[in-house]
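All values reported here derive from a predicted model rather than from experimental measurement. Note on naming: letters A, B, ... go to the chains in the order of the sequence lines (proteins, then strands), and numbering restarts at 1 for each one.
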There are 2 protein chains.
Amino acid sequence: MAATIYDIAREAKVGIGTVSRVLNNSPKVTQQTRDRVISVASRLNYQPHAFAQALARKRSNTLGAIIPFFTNYFFIEVLKGIQDALLNLGYDLILHGVNHRDQINEYIRKNLKKGRIDGLLFFSMPFPDTFVEVIKQEEIPVIVIDYFHPSFDCICVKNTEGAMVATQHLISLGHTDIGMINANITSEPAKDRLSGFKETLSHQNLQIRDEIIVSSISRKQDGFSRDSGYTSMKEILSKKVKLPTAFFVSSDIQAIGVISALAEEGIRVPDDVAVVSFDDIELARHFELTTMRQPMYDMGVMAVEKLIDRIKNPGTPPTLTTILPKLIVRKSCGARKSEHAEFIDHNTLYSSEIEK
Amino acid sequence: MAATIYDIAREAKVGIGTVSRVLNNSPKVTQQTRDRVISVASRLNYQPHAFAQALARKRSNTLGAIIPFFTNYFFIEVLKGIQDALLNLGYDLILHGVNHRDQINEYIRKNLKKGRIDGLLFFSMPFPDTFVEVIKQEEIPVIVIDYFHPSFDCICVKNTEGAMVATQHLISLGHTDIGMINANITSEPAKDRLSGFKETLSHQNLQIRDEIIVSSISRKQDGFSRDSGYTSMKEILSKKVKLPTAFFVSSDIQAIGVISALAEEGIRVPDDVAVVSFDDIELARHFELTTMRQPMYDMGVMAVEKLIDRIKNPGTPPTLTTILPKLIVRKSCGARKSEHAEFIDHNTLYSSEIEK
DNA sequence: CTGAAAGCGCTAACAT
DNA sequence: ATGTTAGCGCTTTCAG
């Protein structure tokens with residue numbers, strides 16, 4: 001049986017209050033008793049019982065995270081960031097990976113069981129409105145990442161602006177006829193990336209050819225998949241329309257599919273057509289993809305930090321932190337690195353407050 | 001403030017004991033009082049306080065998992081399996097992703113805090129001997145997956161046998177000169193896959209040419225990476241030795257690197273050289289890799305089930321469950337599917353007990 | 001069948 | 001500075 005503070009108290013001949021004080025580094029204990037208690041505690045191999053502590057302290061020192069697992073490559077990186085950040089803070093993580101959207105509600109309900117978690121990290125999905133009331137009355141801090149919700153602190157990627165930078169990059173490389181392979185338009189990022197793309201083209205008085213802009217209709221991973229990229233490109237190819245000299249693709253993983261589809265027709269990247277994509281997942285480097293990097297690991301770390309911050313400072317108005325993705329120039333766009341060095345350090349963090 | 005059983009008791013005009021009984025489906029309550037309590041509870045939007053429950057019940061209904069994050073593609077799938085299995089069982093998951101091996105100890109120590117978790121899932125790493133004593137005296141059930149340890153229930157992949165099947169497949173396709181691209185030999189799976197490979201060759205009286213067998217020396221992800229595959233193949237290519245007609249590669253992700261390296265020399269897969277790899281990660285399908293499938297998702301599910309089982313039945317001797325990976329024939333080996341249909345259903349589960 | 005009371009292990013307010 | 005006591009919210013005897 002594991003030792004309790006009673007055991008320690010008895011053996012060290014002090015009261016349990018004193019033991020608790022020592023264990024919690026309260027200053028009001030003599031060095032002498034402190035030493036005695038500590039030595040007994042370590043002899044007994046004492047470990048505080050987390051739940052008893054949580055019950056008495058009214059906080060659990062654990063955070064919850066709801067992450068869509070269908071965003072494979074994205075969430076791995078984010079998760080790594082979360083874990084590393086947590087490790088230093090002494091918080092634990094209760095993870096709920098959502099494979100299907102209908103798991104969200106169930107999870108929130110279950111984990112809001114009073115006291116289970118001190119705060120919630122909510123990733124890449126529309127936050128269910130059903131719960132904002134509940135969340136508020138339970139007073140549990142929430143950070144929404146990669147999605148916007150006016151009631152909570154948010155960390156968002158500037159998708160529109162990122163798409164603009166990507167498109168602009170292609171234009172500055174001399175391309176005037178550019179297509180886009182997009183994910184499912186029902187997803188927020190896909191929508192924003194498309195509008196950034198189109199806006200840049202029209203801003204530069206370039207033609208928008210709808211026949212070379214295709215959005216996935218796949219529901220699987222919202223079209224952010226290799227399959228989807230492959231299929232979309234095949235679709236364009238089958239139309240037998242004039243191919244543009246460049247494509248903006250809404251994710252790296254799709255770009256890999258795009259490149260395969262192209263290769264099957266003997267069309268080479270970047271020689272025949274240039275490609276710029278989005279995300280900068282690990283494979284992007286291997287495939288020499290020029291891409292808009294989302295600092296996924298950092299977003300995980302930031303999310304944790306924001307949440308801890310929010311736990312300590314409830315009551316202040318929700319904030320929005322936006323991240324401008326960074327252009328990483330590799331080979332797929334056909335640019336020589338030196339030409340575009342100026343783009344590389346474009347990474348900026350804006351932080352601003354929303355009026356309530 | 002959240003409602004407690006006291007609130008319910010007061011409003012339903014019963015004692016807290018009765019409320020508790022109703023909530024726990026104890027049969028010894030009249031339908032009438034039961035209904036009354038339930039209606040009050042739902043009106044108050046009552047949720048049991050998880051920690052109070054855990055404290056009183058002496059179990060937490062949460063499981064811990066220690067997973068190496070550096071096995072990217074592997075752990076995602078496993079995690080999905082775990083989550084889905086957990087969802088049905090009403091257990092929560094405290095996840096600890098290990099980015100560096102030295103985090104393991106810290107995590108175990110912290111989470112063994114009595115009561116934190118009811119059981120532990122330990123993945124793909126050598127279980128630290130320092131803790132087997134602790135684990136045993138704390139009586140916390142442990143399942144080790146993808147690694148063997150005599151003290152615990154284990155779920156292992158038959159790497160040696162898997163490599164044999166892969167190699168045999170290549171041989172049966174008519175190849176007599178086969179090379180291998182391996183991960184870092186310090187890792188158990190790499191070691192086993194190599195020995196399975198060699199054994200099959202010698203068993204078939206085929207020559208083992210050391211110059212076309214290369215093990216990665218990378219410590220990063222133990223050499224199970226695209227980079228490592230790419231580099232290893234480049235190394236062989238640079239030796240200017242006679243290329244074999246086929247390669248067995250120790251993981252899909254390496255195979256992708258291998259294929260790129262080959263492609264850079266104009267060598268095509270499977271036309272010029274056949275490739276069979278290991279894992280069957282999501283990308284394997286996209287790259288048309290013939291590979292030995294490890295049922296990663298299923299392993300996650302099984303792990304959870306085994307753990308729950310072990311929690312319910314302590315005391316029985318540890319078991320070993322082995323999984324024979326399944327040959328998935330795609331294009332990279334150059335076989336027509338029909339030729340080798342017989343291999344496809346090779347998947348078998350062996351379960352056996354170890355004598356203590 | 002149901003109410004009252006005794007913990008579960010710990011923290012924190014209150015005495016001393 | 002240290003011991004004592006009252007909860008935290010729930011489960012589980014133990015009476016009745």
Polar atom pairs between nucleotides 4-8 of chain C and protein, under 3.5 Å, N or O only, would you list them?
residue, atom, partner, partner atom, Å
C:dC8, O3', B:Lys58, NZ, 3.4
C:dC8, O2, B:Ala56, N, 3.4

Distance-minimising heavy-atom pair for A:Asp153 and A:Pro317: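 Minimum heavy-atom contact is OD1-O, 4.3 Å.
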Gap between atoms [atom1] and [atom2], on [X] and [N] respectively (whole Å):
{"X": "B:Asn25", "N": "D:dT12", "atom1": "CG", "atom2": "C1'", "result": "16 Å"}
{"X": "A:Ile5", "N": "C:dT11", "atom1": "CD1", "atom2": "C1'", "result": "8 Å"}
{"X": "B:Arg10", "N": "D:dG9", "atom1": "CZ", "atom2": "P", "result": "12 Å"}
{"X": "A:Asn24", "N": "C:dC10", "atom1": "CG", "atom2": "P", "result": "10 Å"}
{"X": "A:Lys28", "N": "C:dC14", "atom1": "NZ", "atom2": "P", "result": "13 Å"}

Charged N-O contact under 4.0 Å between B:Lys306 and B:Asp309: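 No, this pair does not count.
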Five-pair end axes of the helix from C:dC1-D:dG16 to C:dT16-D:dA1 and the angle they enclose, rounded to 10°: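 Terminal axis comparison yields 50°.
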Does any donor atom in the side chain of [X] or [Y] lie under 3.5 Å from an acceptor atom in the other side chain?
{"X": "B:Ser124", "Y": "B:Asp146", "answer": "yes"}
{"X": "A:Thr316", "Y": "A:Arg310", "answer": "yes"}
{"X": "A:Asp84", "Y": "A:Tyr297", "answer": "yes"}

Does [N] have OP1 or OP2 sitting under 4.0 Å from an N or O in the side chain of [X]?
{"X": "B:Ser20", "N": "D:dT11", "answer": "yes"}
{"X": "A:Gln53", "N": "C:dT11", "answer": "yes"}
{"X": "A:Thr33", "N": "D:dA1", "answer": "no"}

Side chains of B:Leu63 and B:Leu120 in contact at under 4.5 Å (non-hydrogen atoms):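 Not touching, per the 4.5 Å side-chain cut-off.
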B:Cys156 and B:Tyr147, any side-chain heavy atoms less than 4.5 Å apart: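 No - every pair of side-chain heavy atoms lies 4.5 Å or more apart.
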Test salt bridge (Lys or Arg N to Asp or Glu O under 4.0 Å) applied to A:Arg43 - qualifying residues, sequence neighbours left out: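 Counting only residues at least two positions away or on another chain, A:Arg43 forms a salt bridge (Lys or Arg N to Asp or Glu O under 4.0 Å) with A:Glu11.
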Side-chain donor-acceptor pairs under 3.5 Å in residues 16-24 of chain B, sequence neighbours left out?
residue, atom, partner, partner atom, Å
B:Ser20, OG, B:Asn24, ND2, 3.3
B:Asn24, OD1, B:Arg57, NH2, 3.0
B:Asn24, ND2, B:Ser20, O, 2.7

Contacting residues from residues 34-47 of chain A, given that a heavy atom lies under 4.0 angstrom of DNA chain D: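 Correct list: empty, so none.
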Given B:Val78, B:Val301, B:Ile76, B:Ile145, the one that forms side chain to side chain contact (heavy atoms under 4.5 Å, CB included) with B:Met296: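 Looking at B:Val78, B:Val301, B:Ile76, B:Ile145, the match for B:Met296 under the side chain to side chain contact (heavy atoms under 4.5 Å, CB included) is B:Val78.
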ring-ring contact (aromatic ring centres under 6.0 Å, His included) partners for B:Phe122, two or more places apart: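 Per chain and number, B:Phe122 pairs via ring-ring contact (aromatic ring centres under 6.0 Å, His included) with B:Phe127.
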